[in-house]
Amino acid sequence: MSNTCYHCGNECDSRPLELDDKIFCCLGCKTVYELLSENNLTSYYDLEKTPGARPEASSEKYAFLDNEKIVDKLLEFNDGNVQVVSLYIPHIHCSSCIWVLENLDRLHKGVTTALVNFPKKTVRITYNADMLTLKELVLLLAHIGYSPYISLDDYQSKKNNPNRDIYYKLGVAAFAFGNVMLLSFPEYFEADEFWIEQYKPFFRWLMFFLSLPVMFYSASDYFISAYKGIRSGFLNIDIPLALGILAMFVRSCYDILTDSGQGFFDSLNSLVFLLLIGKFFQQRTYDFLSFERDYKSYFPIGITKIHPDGKEESVQVYDIQQGDRLLIRNQELIPVDAILIRGEGHIDYSFVTGEADPMQKLSGDKLFAGGKQTQGAIEIEALKGISQSYLTQLWSNDVFNKDKDDDFKSLTDKVSKYFTIIILSISLISLLVWILRAYWGISAPVMALNVFTAVLIIACPCALAISAPFTLGNMLRIFGQRKLYLKNSKVIEKMAKIDTIIFDKTGTITTANKSDLTYEGISLTPNEQRVVKNTLRNSNHPLSRQVYDFLEVSDNSKLIDNFEEITGKGIQATVEGIAVKIGSASFVGKHVEHNNLKTSVHLSLDNVYKGCFVFHNSYRDGISELFTSLSSDYEIVILSGDNESEQMNLEKILPKGSILLFNQKPEDKLLYIKHLQEKGKKVMMVGDGLNDAGALKQSDVGIALSENVNVFSPACDGIMDASKIKQLNVFMALTKKSMQIIKGSFVLSFLYNMVGITFAVLGLLSPLVAAILMPLSSITIVLFTTISANVASVKRLGK
């Protein structure tokens, strides 16, 4: 019987444990198996043998987690019983790791959700602190073989440190490459000299030992990646490279062992060295683009700052400083950790924890960034400045885009697997042909290996793999500079496939302007105006903001009672004992004649109808030209919650054949988009991010416009500065141009490979020359995509 542990794969000690005819090396492994069995999770072992590390059952290692001050520093979010923590777990390495970690809630009822970030090897866990402490959570992870790495000294900074493995591997490869090439020179020149002949075996074995760290360390990533690809049944781009490196190493070892030559250690070391140079260049360039994208993608959310004299000012969120007093309206996001100063908080932390039930907060309570006020307005005092990385991470949380991205396959995904199959086929056929030529005496046997290796190297699909990341990463940066901020590169690919664009009307294609608003009805006393203004102060709706600005009386900033904003209907509240209703005519109990189709907001005080604020819509500059430009490539639809009063005006600025639908409730918009998608349409929704949240999420691409309000919403895929909507046609054209650039780079890579493969198959290309040309092709693709993207953007958007 094998002494290999069923769980962790380690060799068992002299007295292994047994359960269900299975061997376990320690009590920890046996406990994990029992735990998985009890929770019907034994399919874990079908996904991956030896998935974790040896379980660590000792609590002494994590004794420091008994200290509440330390725990508080580690937590991302802590609101009494709900806590959120991100843990770095080095043992995450495959799909089974992701599977078991994201099923932690089945192992312990205290865990609410767990999301794995595979590239960063982190897991973000939301749990109930009443049922599970952080220490118990960490021990649970340790018990199942996924011990978190927690460094208290650099816990916050370590996540931002770049991976330096490439530097070390490149350094080892460079050292070996230089020395092996130097030792190879005498045999290059075939010098017949006594001392060279005398020490030739010594030099060859020295080259062998110098090449070992290159083979097993510097080149390890290629073998690991190839192994994972084969194990998962996917032919990834590193398989041809790994085969080429392995072929050269095996052949070189054979030559030295049989004393038939010096082998290809010089080519092997030069190949790995040049591959790593190309990889280093790609990583440095893409890290730069990604960093710039992360920094620039911090969209200009407006937040209301209250000055000491009571004056309110809309400022950008990253201008918030510690100690600033902020006004958070209904449905606004809290941008920083803060203390509640005035008002009653009803905070929805679903953006952070996934739990949608609002939490009631009172004056003096601490509020966390990412929470959303859901009832009335509150005033808070910032405890710290804005954390861009935190909100960017929050916006990009996979919880909010998994459904939308699950079925989406990128262009690279579709092409790369066929490319690898073709290259492997060509290399194997070439190897067979040259072996037959050697058998018939037409060519030297070594040519078969040379041809096989050269084909694998020269045809490396690295250039194919980097085309999309560099093109789309650069385009994300360019869009960010022009105030269109997208979540990720997939959004650009989706935008390129859009055939239908739907626009909301109010706050999207119209703009707020105080002179375009009039009041019709019973005159309001100054006190009544203050009551109305106090009510509207709590709302973020575009019409509410316009009426708020229209009323010229001072705002006493009175806190109101029973505030409720009903989406698609209006607002009701009690201010100083006066019952206020503001919204649609039916909402305030007013019958409106059918021919009165003006956009209006009606008002009643203490159930007495007072009148209405009438809007004369002012459309954004350039909106007519935008519709005309888009109409040639897209179907244009207007979905408005208002009545038909603007139909004639809209028909004048919209192209013929455009669809206009009025009196659309938020759920109507969502269902309309769903109906179009069922017919095969690719839909983009452009809205204000408030009433349109459902439609933005349902659409293939959702773009929210940001003006002077906080429209932060994970429901959308991008946020655009309202002043840039007239350039939407240019952005759409650039997404299509991006895909053309990617396809062009694919063609360039394909032509390069065809020429290189032709020379390699004919035996006219050595592995060393192939190793030099391979990273040059990658660099060529990087330059082509970056320059093309910049030229295209300058041509359409200007400098």
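We number each residue from 1, following the sequence as shown.
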Please list, chain by chain and in numerical order, all residues satisfying side chain to side chain contact (heavy atoms under 4.5 Å, CB included) with [X], sequence neighbours excluded.
X	result
Q664	L639, L661, D668, K669
L670	Q698
T374	Q331, H346, D348, P358

Quick one: salt bridge (Lys or Arg N to Asp or Glu O under 4.0 Å) partners of [X], sequence neighbours excluded?
X	value
K361	D79
K581	none
E381	none

If every non-hydrogen atom of [X] is compared with every non-hydrogen atom of [Y], which pair is closest and at what distance?
X	Y	answer
P335	I328	CD-CD1, 4.1 Å
T112	D105	O-CB, 4.1 Å
L383	A338	CG-CA, 3.8 Å
S600	F615	CA-CD1, 4.1 Å
A114	L101	CB-O, 3.2 Å
R329	S539	CD-O, 3.2 Å

By ring-ring contact (aromatic ring centres under 6.0 Å, His included), which residues pair with F479, not counting sequence neighbours?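 If we apply the ring-ring contact (aromatic ring centres under 6.0 Å, His included) test to F479, skipping adjacent residues, the hits are F731.
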Contacts of type ring-ring contact (aromatic ring centres under 6.0 Å, His included), residue Y609, not counting sequence neighbours: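 If we apply the ring-ring contact (aromatic ring centres under 6.0 Å, His included) test to Y609, skipping adjacent residues, the hits are H602.
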Test item: [X] and [Y] side chains (from C-beta on) under 4.5 Å apart, heavy atoms:
X	Y	result
D700	K494	no
V588	L603	no
L650	F662	yes
L327	R537	yes
N562	Q572	no
D621	S723	no
Y672	V683	no
I502	S699	no

Could you walk me through whether T525 and N527 pass the side-chain hydrogen bond (donor to acceptor under 3.5 Å, both in side chains) check? CA-CA 5 Å; T525 67; N527 185 58; 5.3 Å; no
Is there a donor-acceptor contact under 3.5 Å from the side chain of [X] to the main chain of [Y]?
X	Y	answer
S544	L536	no
Q529	L524	yes
D72	E68	no
N534	V531	no
T735	M732	yes

Report the residues that fulfil side-chain hydrogen bond (donor to acceptor under 3.5 Å, both in side chains) with [X], sequence neighbours left out, ordered by chain and then residue number.
X	answer
E313	H307
T508	D504
D324	none
Y519	none

Say you draw a straight line from [atom1] of [X] to [atom2] of [Y]; how long is it, rounded to the nearest 0.5 Å?
X	Y	atom1	atom2	result
T574	D606	OG1	CG	8.5 Å
L476	I492	CG	CD1	4.0 Å
I378	Q373	CD1	CD	4.0 Å
M684	L696	CE	CG	10.5 Å
L484	I478	CG	CD1	12.0 Å
T304	E379	OG1	CD	10.5 Å

Pair V84, R124 - check side chain to side chain contact (heavy atoms under 4.5 Å, CB included), show working. CA-CA 7 Å; V84 179; R124 189 169 187 265; 3.8 Å; yes
Check each of N128, L132, T126 against V111 using the side chain to side chain contact (heavy atoms under 4.5 Å, CB included) test, and report the only one that passes.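 Checked N128, L132, T126 against V111; only one passes side chain to side chain contact (heavy atoms under 4.5 Å, CB included): L132.
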Evaluation steps, side chain to side chain contact (heavy atoms under 4.5 Å, CB included), between V580 and I582: CA-CA 7 Å; V580 182; I582 309 173; 3.7 Å; yes
Is the number of heavy atoms from other residues, nucleotides or ligands within 6.0 Å of NZ (K569) greater than 12?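 Incorrect, the count does not exceed 12.
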Heavy-atom count check: over 12 atoms from other residues, nucleotides or ligands less than 6.0 Å from Q360 CD?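 More than 12 heavy atoms, drawn from other residues, nucleotides or ligands, come within 6.0 Å of this atom.
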E332 with R545: basic N within carboxylate O range, under 4.0 Å: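 Looking at E332 and R545, the cut-off is not met.
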Decide, yes or no, whether a salt bridge links K610 with E528 under the criterion of side-chain N to carboxylate O below 4.0 Å.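 Yes, K610 and E528 are salt-bridged.
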For S86 and E76, run side-chain hydrogen bond (donor to acceptor under 3.5 Å, both in side chains): C-alpha distance rounded to whole Å, both residues' side-chain angles, the deciding distance at 0.1 Å, then the answer. CA-CA 7 Å; S86 287; E76 278 188 8; 2.8 Å; yes
I'd like to know whether I638 forms a side chain to side chain contact (heavy atoms under 4.5 Å, CB included) with I509, so could you lay out the CA-CA distance, the side-chain angles of the two residues, the decisive distance to 0.1 Å, and finally the verdict. CA-CA 10 Å; I638 302 293; I509 63 175; 4.1 Å; yes
Applying side chain to side chain contact (heavy atoms under 4.5 Å, CB included), run through L74 and L65 and close with a yes or a no. CA-CA 9 Å; L74 299 179; L65 293 178; 3.6 Å; yes
